[in-house]
Amino acid sequence: MSMRRVAVVGAGMTRFVRRALETPKELAWQAARAALESCGLGLDRVDGVCIGSAPDAFDGVHMKGEYLADGSGGWGKPTMRSFVGGGTGVFVAAQAWYHVASGLFDVVLAVAEEKMSSFYPHAQAAFLTIFDHTTERPLQPNLLWIFALEMNRYMQTYGISKRDIALVAVKNKRNAVHHPAAMLGEADITVEDVLNSEVLAWPVQRLDVSPVSDGAVAVVFASEEAASRITDRPVWVQGVGWNLDTAYWTNRDLAYPEYVERAARMAYEMAGVREPRKEIHVVEPYDPFDYKELHHLEGLLLADRGKAPELVAQGVTLRDGTMPSCPSGGLLGVGNPISAAGLMKVAELFWQLRGEAGGRQVPGRPERGLAQAWGDLMQVGTVVILGTRRPE
Amino acid sequence: MKERTAPLPATALTEADIAGGRVLSVQSRLRADYAWDAGLAIGRYLEGLQAGSILGVHCRRCRRTVVPPRAFCEQCFGPMDAFVPLADTGTVNTFSLCYVTWNVQRIEQPLIPAVIDLDGTSPRCGILHLLGGVRPDAVRVGLRVRAVWKPAGRRQGAITDIRYFQPVGRGS
Amino acid sequence: MSGRVAIVGVGWTGFRPVSPEVSYKELMYEAAARAYADAGIDPRRDVDSFVTVSEDFHEGTSIFDEYVPDQLGAAQRPVHTITGDGLHALAAAVMQILTGRFRIVVVEGHSKASNVLTLPEITAYALDPVLNRPLGVHPVAVAGLEASRYLHESRTTREQCAAVVAKNRRHALCHPSAAYGADVSVDDVLAAEVVAAPLGRLEISDCADGAIVMVLADEPTARRLSAHPVWVRGVGWATDSPTLESRAWARAVYAARAAAMAYRMAGIADPREAIHFAEVDDTYAFKELQHLEALGLCAWGEAGRLTADGATAAAGRLPVNVSGGSLGGGHLLEANGLARALEVVLQLRGAAGARQLRGITTGLAQSWRGLPTATGAVAVMAS
Amino acid sequence: MPLEPTRHVERLRTWRGTLPVANRYTYGPAAERFFRALKDDARLLGTRCGRCGITYVPGRLFCERCFDELNEWTEVGPAGTVEAVTTVHWGPDGSRLERPVLLTLVRLDGADTVVFHYLGDVAPADVRIGLRVRPAFKPPEERTGSILDIVHFAPA
């Protein structure tokens with residue numbers, strides 16, 4: 001396969017905050033500028049821009065991608081916004097990959113932004129509008145429903161306890177203590193804290209859930225030739241995958257995210273990964289709710305079905321475990337400005353693989369990492385595999 | 001305190017900063033009204049609900065009966081128009097006890113959303129609806145339930161023509 | 001570019017002012033089934049990726065990408081949505097195929113504009129919420145201002161703009177799928193009520209419902225599937241400033257940049273010589289003229305005169321919007337650029353029926369993202 | 001296509017609905033400064049990008065062309081020139097207005113960008129591109145830090 005190789009050469013982000021003063025386009029600019037500065041590029045070196053942002057309702061601007069274009073560096077440039085719900089943040093990296101791998105672009109800036117606080121009075125209410133307008137919205141569903149329904153089914157199918165799941169929230173909020181962008185890093189949080197937090201939609205409790213957030217993240221992608229002029233430590237895009245399941249989510253097995261497995265298999269095949277449990281050294285699965293990290297580790301084939309809680313309980317997924325998971329602190333710890341949170345995971349891999357993750361650095365010089373996001377009506381999986389070794 | 005290598009951008013505000021006018025803000029409300037064409041399959045579904053019946057649809061090639069109905073089979077891509085009335089009984093596939101409304105109001109008596117696998121469909125072909133007429137602590141996965149309909153004269157061809165599902169055996 | 005990409009199947013439904021007999025899913029299903037039949041493929045087996053276009057508020061659903069896979073045969077397949085025009089999706093499909101990892105990619109766009117009851121208010125929600133939206137005006141004001149500046153700088157006349165309307169609505173009479181074909185004269189257009197001076201009512205495209213699906217393939221696959229593949233020789237897209245404050249108001253800079261990218265990819269040095277016919281955005285009559293100039297298909301300020309002289313009519317030297325454009329065919333929201341591309345495909349296949357052009361081998365499709373944006377895309381195609 | 005399409009017009013159904021979307025927007029650091037100066041002092045401020053030689057009005061945090069942060073604030077106007085004008089006969093919902101509204105793009109003296117606003121105190125027939133105009137400000141006590149603190153632009 002003679003494919004054009006694509007490298008990640010820079011990354012930057014804003015803090016994740018509950019309410020930002022900056023406008024959405026100013027947040028995008030802050031992240032994009034930080035990413036360009038991290039690799040010493042001016043905007044004139046960028047050939048194209050990919051924007052990732054989820055519902056327009058949050059920022060409160062119709063055709064939000066157009067509105068965000070100047071802050072994302074898109075003035076006068078080919079600029080394209082994609083979305084696949086919550087999977088958008090990782091997908092925009094895949095989109096930047098195909099921009100560069102096509103041969104049409106040498107340097108592409110991927111920017112993901114969400115300003116959820118603009119939905120007023122409460123961002124959660126926006127989620128009513130993701131349900132089917134005729135067959136579901138009249139029941140006045142909220143986002144917690146689908147998570148709670150999926151979590152309950154997962155627990156019921158495999159006999160998993162709330163306590164098993166709460167360990168994920170504890171791990172991620174503790175990891176986030178070392179993330180300079182984090183909203184919810186808590187060094188001393190315990191499983192009891194999670195289990196005693198307010199019940200929102202049983203089995204979902206307050207501390208099982210990531211927060212409503214504002215923020216932006218940007219990552220710079222370059223062709224092999226361009227990357228060689230920018231950095232001597234490129235991190236390579238080894239694989240990408242994405243997959244969208246049926247919209248009829250009540251017609252699906254809610255205990256297992258098959259769409260994540262399909263996306264992962266697409267990425268593994270491209271990356272030449274045959275034994276993911278040995279070959280993936282650090283993983284950033286999507287964790288908007290704590291059980292989702294477990295669900296996704298299974299879909300990524302990094303744990304047997306229903307067995308991810310055991311890995312967590314054994315410490316395998318701790319930062320210094322044998323398969324560190326969400327060393328960034330994830331959405332539960334750093335925050336969840338939807339698409340920005342996904343791209344934050346890709347940025348985290350970049351920093352981890354370059355040994356630049358500071359207090360979050362996982363030991364053992366990881367050579368390959370995987371970032372994954374999820375979204376829509378428990379429906380989409382998006383996967384990016386980065387590594388220090390140049391693809392064949 | 002958190003370790004900070006270099007401060008990252010973005011300025012955090014409190015609600016009081018905005019509500020109190022320490023920073024400027026402006027509000028808008030979108031006026032977005034729609035009349036979505038129900039079309040063939042959902043049109044039939046709504047018609048059925050108004051008549052007190054839940055319609056599914058059957059794919060002859062895949063030998064699968066699904067609900068809500070659709071005019072195409074997402075598995076084989078063939079057209080699908082064999083509408084079949086389903087029983088209004090089913091089994092709770094999963095459920096939640098939800099103490100928050102869609103617009104984030106706290107409620108004392110939980111809403112009980114559930115995925116209900118209706119009798120007569122292929123495995124794992126449920127619909128989203130609410131449970132009622134049952135104590136929250138008595139709900140479990142596998143519970144047998146039956147639709148509680150609005151009176152015929154008050155049905156309008158909507159998913160809410162079913163008020164909720166309640167355990168089989170309770171009079172309705 | 002080492003690889004080549006072709007369009008090997010097209011399917012569409014519509015275009016009608018309303019479509020009450022089908023849901024948006026059924027509308028899309030019909031277009032998809034036709035496109036797959038045209039390409040001779042099974043979507044459940046043969047398609048490597050699907051790209052759709054939509055905007056949340058046009059659908060009335062947030063993250064609308066949720067609702068696209070089933071009716072396209074795309075469930076459990078790689079699918080993603082672009083919030084842009086259909087030509088952006090076409091470009092995304094081209095890029096995916098050029099990576100070498102995708103052989104067949106499907107592109108979809110649709111409009112259920114008839115289901116949107118408050119389109120002006122929704123469009124106004126695209127204006128900057130702090131600087132522009134508080135004025136509380138109909139977004140057509142932005143088009144009126146742009147027309148004002150364009151006519152002023154280019155010295156184009158209202159009569160020349162009206163000639164665009166007369167031409168495109170007459171062209172649409174020869175298109176069985178066009179929603180708004182009519183025998184309209186320049187005087188009829190000038191006599192219509194003023195909406196946003198200098199724009200009159202008949203210079204503004206009305207929306208229509210419809211769906212368009214295209215099947216793209218790499219060269220070996222295209223040659224296997226199709227006796228008449230239409231090659232996508234170049235794609236380009238660009239955005240000028242999204243702000244009203246700092247964009248170019250007379251010239252369509254976005255279209256010029258998008259065209260430069262597409263021409264570069266296609267190896268076109270002189271578009272006037274290379275492009276035999278064009279389907280360009282005519283959401284407002286003056287936009288067709290402004291776009292022709294930006295695309296380099298005529299000189300700045302020349303498009304109005306050429307149009308009034310008949311040079312851009314079906315029988316002219318540079319036929320433009322033989323399909324009827326959106327003035328004659330109906331504006332299809334996100335699918336609008338795909339409607340332009342569809343006509344180019346049909347013409348290059350020799351399948352355009354009564355409006356078939358002769359002696360053409362290369363055509364151009366161009367889109368504008370609509371009010372209040374300064375974004376556009378271009379595709380150059382050849383038989 | 002559906003095997004058995006609906007042919008009975010009376011059986012066609014639509015489902016009515018609305019998107020409950022309401023938003024509150026902060027201005028961000030740059031517009032905050034612009035609108036405070038407008039509200040408190042009826043002054044119009046821009047920011048200048050030295051690298052690109054552009055003065056943006058209202059002042060912005062960053063230059064869209066080169067991405068530099070913009071810190072060089074400068075007062076512009078208040079007079080300016082009409083760059084474009086339109087008379088709009090449709091209200092926000094598309095209904096016909098009894099009294100059409102005049103809208104304009106004004107390039108304030110010293111600015112390289114335009115301001116989108118109403119034009120007032122002038123008959124549509126008397127407006128032409130190139131007209132010199134000035135902003136009419138609301139009285140200080142009525143100003144809230146909004147683009148509507150300018151009532152309209154009117155012939156200078």
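Just so we're clear, the structure is a prediction, and the values are computed from it rather than from any experiment. In what follows, every heavy atom counts, from backbone to side chain, and hydrogens, waters and symmetry copies are set aside.
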Practice task
Decide side chain to side chain donor-acceptor pair (under 3.5 Å) for D:Thr14 and B:Asp37; before the verdict, give the C-alpha distance in whole Å, the side-chain angles of both, and the deciding distance to 0.1 Å.
Solution key: CA-CA 4 Å; D:Thr14 59; B:Asp37 293 315; 5.7 Å; no
Is it the case that more than 12 heavy atoms not belonging to [X] sit under 6.0 Å from its [atom1] atom?
X        : atom1 : answer
D:Arg96  : CZ    : yes
B:Arg106 : CZ    : yes
D:Arg143 : CZ    : yes
D:Glu141 : CD    : yes

Practice task
Heavy-atom pairs under 4.5 Å with chain D are the metric here; pick the option from B:Ala38, B:Ser28, B:Gly78 that has the most.
Solution key: B:Ser28
Problem - Pick from B:Ala32, B:Ala158, B:Gly157 with the largest number of heavy-atom pairs that fall under 4.5 Å of chain D - result: B:Ala32
Shortest non-hydrogen separation from [X] to [Y] and the atoms involved:
X       : Y       : result
D:Leu19 : B:Tyr34 : CD1-OH, 3.6 Å
D:Arg16 : B:Ala35 : CD-CB, 3.4 Å
D:Glu32 : B:Val23 : OE2-CA, 3.4 Å
B:Glu47 : D:Arg13 : CA-NH2, 3.6 Å

Exercise for the section: Drop me the distance from B:Leu24's CG to D:Tyr27's OH, to the nearest 0.5 angstrom. Expected result: 5.5 Å
Fill in the blank from the handout: CG (B:Leu30) and CG (D:Asn23) are apart, to the nearest 0.5 Å, by 8.0 Å
Practice task
Give, as side chain, backbone, both or neither, the part of B:Ala41 having an atom under 4.5 angstrom from any heavy atom of chain D.
Solution key: neither
Exercise for the section: Would you mind checking which part of B:Ile42 comes under 4.5 Å of any heavy atom in chain D, side chain (CB onward), backbone (N, CA, C, O), both or neither? Expected result: neither
Completion exercise
Applying a strict 4.5 Å limit to non-hydrogen atoms, the region of D:Ser146 in contact with chain B is neither
Handout entry: Region of D:Pro20 that comes under 4.5 Å of a non-hydrogen atom in chain B
Key = side chain
Exercise for the section: Taking the side chain as every heavy atom from C-beta outward, state whether D:Tyr25 and B:Ser25 have any atom pair closer than 4.5 Å. Expected result: no
Exercise for the section: Report yes if the side chains of B:Arg29 and D:Val21 come closer than 4.5 Å at any heavy-atom pair, otherwise no. Expected result: no
Practice task
Could you walk me through whether D:Arg24 and B:Glu15 pass the salt bridge (Lys or Arg N to Asp or Glu O under 4.0 Å) test, one step at a time?
Solution key: CA-CA 11 Å; D:Arg24 184 179 66 182; B:Glu15 175 59 26; 2.8 Å; yes
